[in-house]
Amino acid sequence: MQAAALDRTFQALSDPTRRAMVQRLSRGPASVSELAKPLSISLPAVMQHLQVLEASGIVRTAKVGRVRTCSVEPKMLSLAERWIAERRANWERKLDRLGDYLDATAGENDNDEKDRSK
Amino acid sequence: MTAATQTRMLHDKIVMERTYNTSPARVFAAWESVEARLRWSIPFPEAGAAYDQAEFRVGGLDIMRCGLKSDMRFLAHVRYLEIINDARIVMAESIAEDGKIRAASLITVELEPAGKETKQTVTMQVSAIDGADMLDGYRVGWTAALDNIAKEF
């Protein structure tokens, strides 16, 4: 289990952009747009990197009003705590993707829906 | 030492709400269909999942491997306890790694029509198992990892 957790940590940090993000956050919390600015990559790309960092338990994000603030996870989480945090982050992402999937397939399933509506 | 002194359980309840701009029937179908699930339930690009068995019916069992695409080390068993078309799915899920159980969860998906949209509530009651000995090793490993990473900056 230890090896698996470390694998995920290294996987998350194997990317230079993600390392730059962690480096920035090690100096203090930042909003997503503040993080994106020096990286010259799109906001959606930053969000994707953040999700990987969040799922690996390195970075924590919290949304206050319309602004999502990111910080380095300061607490040494136990394995089970990390497991649950990871699961929560993954599921939040999955449910967003379910919304994207439903938008992308709108129309193509119309017939199925009518067939099974009774 | 007995197993009970080496491990402890951590319990949590996670509630996640989403409103989707479509009918409950389409949201339900996205949970029902394995093909659809494989399209939306991969949380990030490096992640992967593969079904060994899929039985979406009351009493049915899904067996799935998941994790990183390069290393699908988790084995999930999902038993369907209740299915009400277009309205509710109740599942009992266990996740094992290296043949040892890591977490057991009761997952409930509730769908409610809200005008032309669908309000979806996913409630996850999760019990995760900590290994005390592994935990200490993990802490040491984690600190070492962060030290190594710091050297890269």
Side-chain angles (χ1 to χ4, degrees), chain A residues 1-16 19-20 22-23 26 48-49 51-52 54-58 72 76-106 109-110 112-117, chain B residues 8-10 12 14 16-23 25-27 29-31 36 39-47 67-68 70-71 73-74 85-86 95 97-98 100 102-103 105 118 120 122 124 126-131 134-135 137-146 149-150 152-153:
Chain A
M1 281 197 209
Q2 181 194 339
L6 282 176
D7 282 353
R8 281 193 291 279
T9 303
F10 282 117
Q11 175 86 18
L13 290 165
S14 63
D15 180 275
R19 283 204 298 275
V22 173
Q23 185 179 23
S26 65
Q48 276 212 338
H49 285 305
Q51 272 144 7
V52 176
E54 205 174 4
S56 69
I58 297 165
V72 171
M76 197 56 74
L77 297 179
S78 79
L79 197 66
E81 284 170 326
R82 239 178 67 105
W83 167 259
I84 290 174
E86 216 175 275
R87 255 182 91 72
R88 179 195 288 268
N90 282 346
W91 270 91
E92 293 282 1
R93 175 84 182 120
K94 278 154 82 158
L95 298 182
D96 288 343
R97 284 181 52 99
L98 173 53
D100 295 343
Y101 166 82
L102 290 166
D103 289 345
T105 56
N109 290 347
D110 280 358
D112 300 353
E113 198 178 323
K114 277 174 204 145
D115 290 346
R116 52 183 303 286
S117 62
Chain B
R8 68 187 179 94
M9 299 292 295
L10 188 74
D12 206 351
I14 299 168
M16 292 173 285
E17 290 182 354
R18 293 289 186 283
T19 299
Y20 298 126
N21 185 23
T22 190
S23 63
R26 284 197 62 233
V27 181
W31 285 88
R39 278 179 64 180
W40 64 261
S41 75
I42 311 296
F44 51 95
E46 295 90 339
L68 295 173
S70 55
D71 180 17
R73 62 169 67 233
F74 299 108
N85 275 4
D86 309 341
I95 294 188
E97 183 182 11
D98 295 333
K100 289 191 201 104
R102 273 194 71 168
S105 311
T118 301
Q120 173 189 264
V122 176
M124 209 171 295
V126 50
S127 295
I129 299 165
D130 246 344
M134 292 173 194
L135 190 58
Y138 171 72
R139 283 191 173 129
V140 171
W142 176 243
T143 308
L146 286 183
I149 289 151
E152 298 228 10
F153 294 149

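None of the values given here were measured: they were computed from a predicted structure. Computed over heavy atoms, backbone and side chain alike; hydrogens, waters and symmetry mates excluded. Within every chain, numbering begins at 1; the chains are lettered A, B, ... in the order of the sequence lines, protein sequences first and strands thereafter.
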Counting only non-hydrogen atoms closer than 4.5 Å, does [X] touch chain B with its backbone (N, CA, C, O), its side chain (CB onward), both, or neither?
| X | result |
| --- | --- |
| A:Ala55 | side chain |
| A:Asp96 | both |
| A:Gln48 | side chain |

Atom of A:Arg97, atom of B:Pro43 and distance for their closest heavy-atom approach: CD-O, 4.3 Å
Least distance between heavy atoms, B:Ala30 atom then A:Tyr101 atom: CB-CE2, 3.8 Å
Using heavy-atom distances under 4.5 Å, tell me whether [X] contacts chain A through its side chain, its backbone, both, or neither.
| X | value |
| --- | --- |
| B:Arg18 | side chain |
| B:Val122 | side chain |
| B:Ser105 | side chain |
| B:Ala36 | both |

Distance from [X] atom [atom1] to [Y] atom [atom2], nearest 0.5 Å?
| X | Y | atom1 | atom2 | result |
| --- | --- | --- | --- | --- |
| A:Ile84 | B:Ser127 | CD1 | OG | 7.5 Å |
| A:Trp91 | B:Met16 | CH2 | CE | 6.5 Å |
| B:Trp40 | A:Leu95 | CH2 | CG | 6.0 Å |
| A:Leu102 | B:Thr22 | CG | OG1 | 6.0 Å |
| B:Ile14 | A:Arg87 | CD1 | CZ | 7.0 Å |
| A:Asp103 | B:Asn21 | CG | CG | 6.5 Å |

Minimum side-chain heavy-atom gap B:Trp31-A:Leu98 below 4.5 Å: yes
Sub-4.5 Å side-chain heavy-atom contact between A:Arg88 and B:Val126: no
